[in-house]
Amino acid sequence: MAKALLGQREFRDDRLLLETARLRTRVRDLETLIDRLQRDNDRLRAGMPRESVRESVRETVRVPEPVS
C-alpha cells in the first residue's frame, strides 16, 4: 500500500528535467558521431590493403611522455 501511495506523489524539479534533456541530447549526438566514425573507418579499411592499415595505425598511435 505504501508503494502505491508513494507512486502517486509527484516531485518535479525543473533543473533535473533540463539536465536530463541536455544529457539525452548529448548522448544522441555522441551516438551519431560514433556511427559516422565507424562508417568512415569501414570505408577507409575497405579501400586500403591490410598491411597499409597496420602501418597507418602504427603511425598514428603515439605513446605519451611520462609525467615527472
Side-chain angles (χ1 to χ4, degrees):
M1 179 86 173
K3 287 183 183 178
L5 291 175
L6 287 176
Q8 296 299 319
R9 203 171 64 174
E10 282 192 38
F11 176 73
R12 286 186 51 141
D13 186 359
D14 291 339
R15 291 175 298 167
L16 289 177
L17 293 174
L18 289 172
E19 182 70 9
T20 301
R22 187 186 69 78
L23 290 172
R24 285 183 178 162
T25 300
R26 181 70 176 141
V27 167
R28 188 173 51 245
D29 292 346
L30 290 172
E31 288 172 341
T32 302
L33 177 63
I34 288 170
D35 289 340
R36 185 180 60 83
L37 291 172
Q38 286 176 339
R39 281 193 311 271
D40 289 349
N41 191 35
D42 292 343
R43 183 179 47 82
L44 289 171
R45 284 184 180 213
M48 297 176 75
R50 192 132 186 113
E51 289 301 316
S52 297
V53 172
R54 287 187 188 141
E55 286 180 23
S56 66
V57 168
R58 254 189 304 240
E59 291 172 1
T60 58
V61 175
R62 292 182 291 163
V63 177
E65 296 293 323
V67 177
S68 41

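Keep in mind that the numbers below use all heavy atoms, side chains included, and drop hydrogens, waters and symmetry copies. Starting from 1, each residue takes its place in the sequence as its number.
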Checklist line | Side chains of Asp40 and Arg43 in contact at under 4.5 Å (non-hydrogen atoms) | finding: yes
Note to self: Set out, in order, the CA-CA distance, both residues' side-chain angles and the distance that settles salt bridge (charged side-chain N to carboxylate O under 4.0 Å, His left out) for Glu19 and Arg22, then state yes or no.
What the structure shows: CA-CA 5 Å; Glu19 182 70 9; Arg22 187 186 69 78; 2.8 Å; yes
Item checked: Residues that Asp35 engages under salt bridge (Lys or Arg N to Asp or Glu O under 4.0 Å), provided they are two or more places apart -> none
Check: From Leu33 CG over to Asp29 CG, what is the distance, rounded to the nearest 0.5 angstrom?
Finding: 9.0 Å
Item checked: Separation of Arg39 CZ from Asn41 CG (nearest 0.5 Å) -> 12.0 Å
Checklist line | Stepwise side-chain contact (heavy atoms from CB on, under 4.5 Å) test for Thr32 and Arg36 | finding: CA-CA 6 Å; Thr32 302; Arg36 185 180 60 83; 5.7 Å; no
